[in-house]
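Comments concern the structure below.
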Amino acid sequence: MPDHSSQPVVSLRDIHKHFGALEVLKGISLEAQKGEVIAILGSSGSGKSTMLRCINMLELPTAGEVAINGEAIRLKVTRNGPAIADQKQIDRIRTRVAMVFQSFNLWSHMTIEQNLIEAPIHVQGRHRSDCIAEAKALLDKVGIADKIDAYPAHLSGGQQQRAAIARALAMHPDVMLFDEPTSALDPERVGEVLKVIRALAEEGRTMLVVTHEMAFAREVASRVIFLHQGRIEEDGPAKETFANPKSERFRQFIATAHNH
Amino acid sequence: MDFAFIGQTFLQLLGGIPLTLKLAAVAFLIASVLAVLIAIIRTRKIPVLDQIAGFYVFVLRGTPLLVQIFLIYYGLGQFRPTLQSLGLWQFLRDPYWCSILALALNSSAYASEILRGGLRSVPVREIETARAYGMSGLRLYRRIILPIAIRRALPGYGNELILMVKATSLTSTITLMEVTGIAAKLISESYRPVEVFIAAGVIYLAINFILTRVIALLDWWLTPHLRRPRIVAAKLEPAHA
């Protein structure tokens with residue numbers, strides 16, 4: 001259940017993002033409370049991935065403020081646009097915000113185990129033996145315990161994505177960001193990854209999931225956000241919003257998705 | 001062909017191997033450190049340093065190594081007072097250190113280009129992921145970028161090591177008695193260049209044969225992710241209940 005009593009885990013305030021003359025985000029404000037599972041929907045080009053990448057500063061917003069657990073991320077303005085003001089702060093905050101990417105992005109020269117323990121050991125400074133024990137448990141949880149010594153290239157897409165989710169979990173993050181986690185998978189592999197994400201949602205983890213999987217959004221998310229041309233067009237509890245969209249565009253979006 | 005003489009010469013030339021290997025190893029180590037720095041400067045396009053590094057590489061690749069050795073050995077004497085005041089003269093009047101310097105600088109220019117290719121081939125997504133997991137600066141290079149780049153650059157880098165071993169032969173022109181230096185001396189004593197150079201050639205060939213094997217082994221050992229997975233035992237998946 002979302003917890004509204006404390007400060008939001010993620011807070012975006014009037015985020016704008018320009019790529020040259022193109023304005024991709026036109027003022028996004030959003031608060032994610034602890035325990036919320038937010039599905040972020042929108043057609044391609046609506047800015048949903050860019051929005052997600054602004055949360056951990058893989059894209060630097062041109063204007064606006066991002067705060068994680070109430071701590072605002074410091075940026076500075078340079079001639080070439082926004083820049084990181086305090087790399088240490090961002091590195092620290094990024095360990096609280098684990099991202100799962102569309103194309104998995106496991107480090108190719110490391111085994112699955114090494115992928116899982118890399119940042120916990122070398123960024124968070126945790127004990128190697130603890131990290132290894134936890135890596136085993138996490139891989140067991142996502143159902144690929146037998147792949148612990150394999151290299152990413154030797155796994156199927158679904159297995160790689162599950163390993164990437166385990167890598168994110170190994171950080172003990174406060175919030176998880178999923179950037180179209182099933183879009184690069186073969187259709188028959190989508191289910192196994194969604195199953196893992198669904199289990200995480202049921203654990204009460206705070207998650208923001210950019211997705212095209214409408215059924216998943218409807219059933220798993222507690223809240224749904226629909227982006228259109230860089231603005232939040234619809235924002236509400238998942239079930240009600242799907243049943244009764246306030247915005248005509250979201251209604252059309254759902255209808256089109258159903259016909260596919 | 002006098003095989004007995006070749007055998008005799010071969011034994012005498014063996015005495016030059018330690019110096020040949022020492023020159024190659026020390027110069028290669030210094031070159032590697034310089035090459036990493038130059039490659040990072042040029043990849044990150046750090047202003048001013050990038051231009052200086054680019055010019056450095058241009059000059060050192062564009063002029064013959066022999067000319068560089070002569071310039072350093074004969075030319076630096078002109079700056080003797082300055083070098084003395086810097087405490088460098090005791091090194092730079094010594095043909096051994098002049099050779100090390102020339103070999104290291106020359107090789108660093110080539111090696112930096114090889115490494116730069118390796119750095120450029122590191123998948124952007126893997127770097128971005130490392131950033132998203134809290135890595136930056138030196139740690140990002142040490143843990144992710146360089147391990148991937150070095151693996152990709154290794155075959156080319158191995159070539160550079162072999163070129164280095166062969167390049168040490170040029171230091172015989174400034175009096176060093178490594179394998180080729182001893183060979184030159186034996187020729188002036190015996191007037192039998194063919195036999196002497198055959199023996200010397202065999203030695204270089206043997207050294208480089210071992211080095212190519214070592215590099216291939218290192219490459220194999222560092223890139224298990226590029227090999228097919230080893231099948232330990234045929235394991236049957238249990239049927240779904």
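Small disclaimer: the values here were computed from a predicted structure and weren't measured. In the text below, chain A, chain B and the rest are named by the order of the sequence lines, each starting its count at 1.
- Interface residue A:Leu106: only backbone heavy atoms are found under 4.5 Å from chain B.
- The greatest number of non-hydrogen atom pairs below 4.5 Å with chain B, out of A:Arg92, A:Met99, A:Arg96, is found for A:Met99.
- In this structure, chain B has heavy atoms under 4.5 Å from both the backbone and the side chain of A:Asn105.
- The residue among A:His122, A:Gln124, A:Gln87 with the most heavy atom pairs within less than 4.5 Å of chain B is A:His122.
- One side chain, B:Glu160 or B:Ser107, offers a donor N or O that lies under 3.5 Å from an acceptor on the other.
- Using the six-membered ring where Trp is involved, A:His154 and A:Tyr151 have ring planes that are perpendicular, over 60° apart on the 30 and 60° scheme.
- The parts of B:Arg143 that come within reach of chain A are both its backbone and its side chain, each placing non-hydrogen atoms under 4.5 angstrom from that chain.
- Residues A:Glu192 and A:Lys195 are not paired through a salt bridge, judged by the lack of any N-O separation under 4.0 Å between the basic side chain and the carboxylate.
- Smallest separation of non-hydrogen atoms from A:Ala168 and A:Pro173: O-CD, 3.4 Å.
- A salt bridge links B:Glu113 to B:Arg116: one of the charged nitrogens lies within less than 4.0 Å of a carboxylate oxygen.
- Contact of B:Arg139 with chain A is made through the side chain alone, with heavy-atom distances under 4.5 Å.
- Only the side chain of A:Met110 comes within contact range of chain B, with heavy atoms under 4.5 Å apart.
- The CE atom of B:Met164 sits 5.5 Å away from atom CG of B:Leu103, with the distance rounded to the nearest 0.5 Å.
- Heavy atoms closer than 4.5 Å to chain B are found nowhere in A:Thr111, neither backbone nor side chain.
- No part of B:Pro123 comes within reach of chain A, as not one of its non-hydrogen atoms sits under 4.5 angstrom from that chain.
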